[in-house]
Q: 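Below is a structure I'd like to ask you about.
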Amino acid sequence: MNELSSRYNPAETEDKLYKFCQDNNLFSAKPDPTKKPFSIVIPPPNVTGILHMGHALNNTIQDILIRYHRMKGEESLWMPGTDHAGIATQNVVEKSIAKEGLKRQDLGRDKFIERVWAWREQYGSTIIHQLKKLGASCDWPRTRFTMDEEYSKAVMEVFVRLYEKGLIYQGNYIINWCPRCQTALSDEEAPHRELNGNLYYLKYPLKSEPDNFVVVATTRPETMLGDTAVAVNPKDKRYKNLVGKTLILPLANREIKIIADAMVDMKFGTGAVKVTPAHDPNDYALGKKHHLDFINVMYPDGRMNESAGDYKDMDRFEAREVILEDLKEKGLLEKIEPHQLSAGHCYRCHTIIEPYLSKQWFVKMKPLAGPAIEAVKKGKIKFYPKRWTKVYLNWMEDIQDWCISRQIWWGHRIPVYYCKNCKDKGVIVSKVKPDKCPVCGATDIYQDEDVLDTWFSSWLWPFATFGWPEKSDDLKYFYPTSTLVTAPEIIFFWVARMIMAGLEFMHEIPFSDVYIHGTVRDIEGKKMSKSLGNVIDPLDIIKEYGTDALRFSLISITAQGQDVFLNKERFEQGRNFANKIWNASRFILMNLDPAYIKTDLCVFFKKEDLDIVNRWILSRFYSVLKEVNKDLDTYKFNEAANTLYTFFWHEFCDWYLEMIKPDIKNPHNQVVMYKVLEKSLRMLHPFMPFITDEIWQRLESKQESIMVAPWPHIQEELIDKKTEHKMSSLLGIVTAIRKMRLELDIPLQTEVAVIVSSSNKEIRELIEGLSEQVKNLAKLNSLEIKTKYTHIKSSFTVIMKDMHLTIPLAGLLDVEKEKEKIQARIHQAEGEIKAKEKMLGNKEFLKKAPLEVVEKEKARLLELGDILKRLEAIKNELQ
RNA sequence: GGGCUCAUAGCUCAGUUGGUUAGAGCGUUGCGUUGACAUCGCAAAGGUCAGAGGUUCAAGUCCUCUUGGGCCCACCA
């Protein structure tokens, strides 16, 4: 057996142990019919990604689940991979070639794509390396990439199937257009943000009476050049006799009509709204309804186009200023009011998006959403915490069609082909490029320029990673996966769509549980982001405190579904805990006779032979195990972590080890301290994989990782709540004695005897029986407890040598007040007993409630009886 | 406009279908380093559980309202 060095060194051990596990294939999983499968697919990070705290939290949670289930004997697979992240990656590579003075257009499509692949080759596994530093026990040889050849096949397959089912169509719509990225964005990719803008009031003269005007209000005056009508509410008396009349659109000098539509809000602005069907979604709808012209006044890059006349080639915002100047000059600008407005922003580059009319590909979502709503409503898929269910359902029930085409180069190219010969007459949708046109037979065939939205590949992740559409063994065994662990911001992007895809293509849900964790924020509640400069880099924390410290601290503050507020100091807790584990283990190793290692706990002793201290710690251990199991099964990671923390540090180290110190060579103590340590290590392992493994491998003196050790079994017979209760009273007494010693300023070596008398024989005996050990407690060396104990903890009689002293510990005891308190407690206990009796007498309850709950209630009832008796004894004593 | 969420110690937060004396970490203060651990130990101070009302034998926990934060969704030009 090796001795442990005086201080744990994370840097040294982490890489060594991770390599050990990888070399021994401990992370790999394959179908095994004798075992229950447990699988998680990683939310694939962007290839451009670098590890941030969000990843650290997300992946630590997954790793805990995987390691826990693996130890429980389930065939546990954590499927890793990365996402090609269309726009993000293209942006990165564009930036990199810009250093050579190149634009992607200079290279051309094929050459540019080559550069992207080259970039991916070089930097694409950064995030993977970083996940390994985190201790993630993924089955790395399986690593998938959404642009892999095999994966791409699945994407094509899906497109074709949906098209053939009539669920994919092409159409002209107002979409969110990013003029910088020059691509369409889905609604989810264009979040609205508040802006301080202006509301401009423009005067449009009437054709028949050029001195009369209709005033319209707009936030985007540059779009006026594309106006093809002005709309008013038919109920609006102000405009009633103007409907149908013609206006002259200033600057453009075009004639436009005044139309009436109920969509117009009379209260907003002037009640008259300019209609620009090509540049606004509402106006587009009006345009369709009233058969207006669609005049597009912008180039895709946001500059004004030839329809804008004199303003051609100006940037949209520049044009706005010039147009306002010109209108002002003509006296057609009535006023400008400051106005709070919200506008969509590109989620990648934060440019204000332009609602833009263009031809795009869409997926009809309603038919896909139906089954996905059902699955959640019927409870086949459960969200943790529950409240996300509602968010999900709200969105699904009002789902809009999904714009899936993007005008970028990096991504899955849309499998749609056109024949040059019979142009526009039809499209050919095919997984592979056809040799000739099926209509005219011509061979001059070209592919649609657009690529698919990145999410169009990631929504297939839970089955495409297993080789779908092939019916692989992996797919059969590991699908549906068990739990999805992700952040709330991608419920719509990803989670909902995966559910739809799973049900559509696999005819089965993709996962049964969805655990949504909080967002990692800084201590001021701001989202951590590079631009704010408030980032705490997990890799820095790993360097400074160790991976285990990072993981433990993160988990211990992650209450289910709450956002995580972080500052660096939080990680000290994890580091200190690691240190504690290390030192306790070191102490035990120093004092352990190796002969006891192999001893079977149950064979070695009878429970009745153990003293209360050992009985207590064993009972506590198994109670903790039970709690941790429950917490992990219900995704309460912080509670599991904190339960373990408190048990290990404040019960096992602070009390148990201190109490057995004087008699540490006693075989009972030897076996129990060793067993509790080694089982605790196993339980701590999912949270702190490295330090537990390092200690374990030395404890057991064998070349085997703790990760393949079984998760401890609960031994119900060793759980003894009564003993736990007794012990906690006892510890309370000892604590009180310590306090008393301080207050009396009794030097450590003074002989003190506390006389304890009690009507509770059991406790008295307990204290007497324990006195040997209590006597030996650290800093209580010469304390001997003899007899007197009263129920009232705050008062003790102390004998110093032969001098009797009665000392109220916490100030003088107010008997009247104390009586009142006791009476209140009695009242409360009686009330509770009544309620419990009623509950246990209720047949409905007994029928419905799980056995466990009933047992718990019964135990509580018994306990209450004891409490009541005790309270009454105290009451009598006070009289 | 609709929905969600939060308010508990100086700070950051736990608190499991209502039930024993409301907890932790950090910070503050005092005492303690003779072989596990100063990345430590023992203790102290610090709470009208945001406010008001209600249900109950019993409310931090359930209901209503008020106040003040945060987040998401939505077609206010």
Q: May I ask you to say what A:Phe577 touches in the nucleic acid, namely base, sugar-phosphate or nothing, with a heavy-atom cut-off under 4.0 Å?
A: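 The residue A:Phe577 makes no contact with any strand.
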Q: Taking the ring of A:Tyr384 and the ring of A:Tyr515, is the distance between their centroids below 6.0 Å?
A: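 No, the ring centres sit 6.0 Å or more apart.
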Q: Can you identify which nucleotide, out of B:U21, B:C72, B:A36, has its nearest atom closest to the A:Arg586 side chain?
A: B:A36
Q: To the nearest Å, how far apart are A:Arg387 CZ and B:C6 P?
A: 6 Å
Q: Measuring only the P atom in each nucleotide, how far is B:A22 from B:G47? A whole number of Å is fine.
A: 13 Å
Q: I want to check one thing: is the phosphate of B:G25, taken as OP1 and OP2, less than 4.0 Å away from some side-chain N or O of A:His650?
A: yes
Q: Could you check which of B:C72, B:G19, B:A36 has an atom nearest any side-chain atom of A:Glu832?
A: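 Looking only at heavy atoms from C-beta outward on A:Glu832, the closest nucleotide is B:G19.
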Q: Under a 3.5 Å limit for both distances, which nucleotide forms a Watson-Crick or G-U wobble pair with B:A14, could you say?
A: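 Check on B:A14: unpaired, no WC or wobble geometry under 3.5 Å.
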Q: Let's test this: given Watson-Crick or G-U wobble pairing with both distances under 3.5 Å, identify the partner of B:A77.
A: none
Q: Please determine, for the side chain of A:Thr218, which listed nucleotide (B:A77, B:G41, B:C37) has the closest atom?
A: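 Looking only at side-chain atoms, A:Thr218 lies closest to B:A77.
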Q: Looking at B:U20, B:G25, B:A36, which one has an atom nearest to any side-chain atom of A:Gln828?
A: B:U20
Q: To the side chain of A:Thr219, which of B:C72, B:A77, B:U39 is closest?
A: B:A77
Q: Rounded to whole angstroms, how far apart are CG on A:Asp398 and C1' on B:G1?
A: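 Distance, rounded to whole Å: 14 Å.
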Q: Where the side chain of A:Arg570 is concerned, which of B:U12, B:C40, B:G25 is the nearest nucleotide?
A: B:U12
Q: Taking the nucleotide of RNA chain B with the closest heavy atom to each, which residue, A:Ala272 or A:Tyr8, is nearer the 5' end?
A: A:Tyr8
Q: Rounded to whole Å, please give me the gap between NZ in A:Lys834 and P in B:A58.
A: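 A:Lys834 atom NZ is separated from B:A58 atom P by 11 Å.
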Q: Set out, in order, the CA-CA distance, both residues' side-chain angles and the distance that settles ring-ring contact (aromatic ring centres under 6.0 Å, His included) for A:Trp177 and A:Tyr356, then state yes or no.
A: CA-CA 6 Å; A:Trp177 182 265; A:Tyr356 198 73; 5.3 Å; yes
Q: Which nucleotide, in any strand shown, forms a Watson-Crick or G-U wobble pair with B:U29, with both distances under 3.5 Å?
A: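 Looking at the geometry, B:U29 pairs with B:A43.
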Q: Would you mind checking if A:Lys834 and A:Glu830 are paired as a salt bridge, meaning a charged N to carboxylate O distance below 4.0 Å?
A: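 No, no charged N to carboxylate O under 4.0 Å.
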Q: Expressed as a whole number of Å, how far does the C1' atom of B:A50 sit from that of B:G32?
A: 41 Å
Q: Rounded to the nearest angstrom, tell me the gap between atom CG in A:Leu393 and atom P in B:G2.
A: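 Going from A:Leu393 (CG) to B:G2 (P), I get 20 Å.
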Q: Considering only the P atoms, how many Å lie between B:C57 and B:U66, rounded to the nearest integer?
A: 28 Å
Q: Could you tell me whether the side chain of A:Ile581 reaches within less than 4.5 Å of the side chain of A:Met688, counting heavy atoms only?
A: yes
Q: Between B:C72, B:A36, B:G3, which nucleotide gets closest to the side-chain atoms of A:Asn394?
A: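 The listed nucleotide nearest to A:Asn394's side chain is B:G3.
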Q: For A:Ala835, report the nucleic acid contact type (base, sugar-phosphate, nothing); a contact means any heavy atom under 4.0 Å.
A: base
Q: At what distance, to the nearest 0.5 angstrom, does NE2 of A:His279 lie from CD of A:Glu222?
A: 9.0 Å
Q: When you compare B:G10 with B:U5, how far apart are their P atoms, in angstrom units rounded to a whole number?
A: 27 Å
Q: Is it true that A:Arg570 and A:Glu572 make a salt bridge, defined as a side-chain N closer than 4.0 Å to a carboxylate O?
A: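 Salt bridge: no.
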Q: My understanding is that a pair needs two contacts under 3.5 Å, Watson-Crick or G-U wobble. By that rule, which nucleotide pairs with B:A38?
A: none
Q: For A:Glu639 and for A:Glu830, find the nucleotide of RNA chain B with the closest heavy atom, then tell me which residue's nucleotide is more 5'.
A: A:Glu639
Q: Does a donor on one side chain and an acceptor on the other come within less than 3.5 Å for A:Glu337 and A:Tyr201?
A: yes
Q: Distance between the P atoms of B:U12 and B:G54, in whole angstroms?
A: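 Between the two P atoms, the distance is 33 Å.
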Q: Please determine whether a side-chain nitrogen or oxygen atom of A:Lys836 lies at a distance below 4.0 Å from atom OP1 or OP2 of B:G19.
A: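 For B:G19, neither OP1 nor OP2 has a side-chain N or O of A:Lys836 closer than 4.0 Å.
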Q: From the set B:G25, B:C37, B:C57, return the single nucleotide nearest to any side-chain atom of A:His827.
A: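 Within the option list, the nearest is B:C57.
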Q: Expressed as a whole number of angstroms, how long is the span from A:Leu861:CG to B:U20:P?
A: 15 Å
Q: Mind checking if A:Val264 touches a base, just sugar-phosphate, or nothing, with heavy atoms under 4.0 Å?
A: base
Q: Rounded to whole angstroms, how far apart are NZ on A:Lys580 and P on B:A36?
A: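 Result: 11 Å.
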Q: Is there a Watson-Crick or G-U wobble partner for B:C71 with both distances under 3.5 Å, and if so, which one is it?
A: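 For B:C71, the partner nucleotide comes out as B:G3, under the 3.5 Å rule.
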Q: Hey, is the side chain of A:Asn591 poking within less than 4.0 Å of OP1 or OP2 on B:A36, counting only N and O atoms?
A: no
Q: Are A:Asp280 and A:Arg220 close enough for a salt bridge, meaning some N to O gap below 4.0 Å?
A: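 So A:Asp280 pairs with A:Arg220 through a salt bridge.
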Q: For nucleotides B:U64 and B:G27, find the distance between their C1' atoms and express it as a whole number of Å.
A: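 Roughly 39 Å separates the two C1' atoms.
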Q: What nucleotide among B:A14, B:U16, B:C75 has an atom nearest to a side-chain atom of A:Asn282?
A: B:C75
Q: Expressed in whole Å, how much space separates the C1' atoms belonging to B:G35 and B:A24?
A: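 Straight-line distance between the two C1' atoms is 31 Å.
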Q: In whole Å, what separates the P atom of B:C63 from that of B:C4?
A: 12 Å
Q: Heavy atoms under 4.0 Å, any strand shown: does A:Val391 hit a base, just sugar-phosphate, or nothing?
A: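 Nothing, no heavy atom under 4.0 Å.
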Q: Nearest whole angstrom, please: distance from the C1' of B:C37 to the CZ of A:Phe652.
A: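 Computing the A:Phe652:CZ to B:C37:C1' distance gives 14 Å.
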Q: Testing the 3.5 Å rule here: is there a donor-acceptor pair between the side chains of A:Asp227 and A:Tyr204?
A: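 Checked: A:Asp227/A:Tyr204 side chains pair up, N/O donor to acceptor below 3.5 Å.
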Q: Would you classify A:His279 as touching base, sugar-phosphate or nothing, given that sugar-phosphate means primed atoms plus P, OP1 and OP2, and contacts are heavy atoms under 4.0 Å?
A: nothing
Q: Could you give the OH-to-C1' distance, from A:Tyr392 to B:C72, as a whole number of Å?
A: 17 Å
Q: Nearest to the side chain of A:Met590 - B:G41, B:U21, B:A36?
A: B:A36
Q: Tell me which nucleotide, if any, is Watson-Crick or G-U wobble paired with B:A52 when both distances must be under 3.5 Å.
A: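 The base-pairing partner of B:A52, which may sit in any strand shown, is B:U64.
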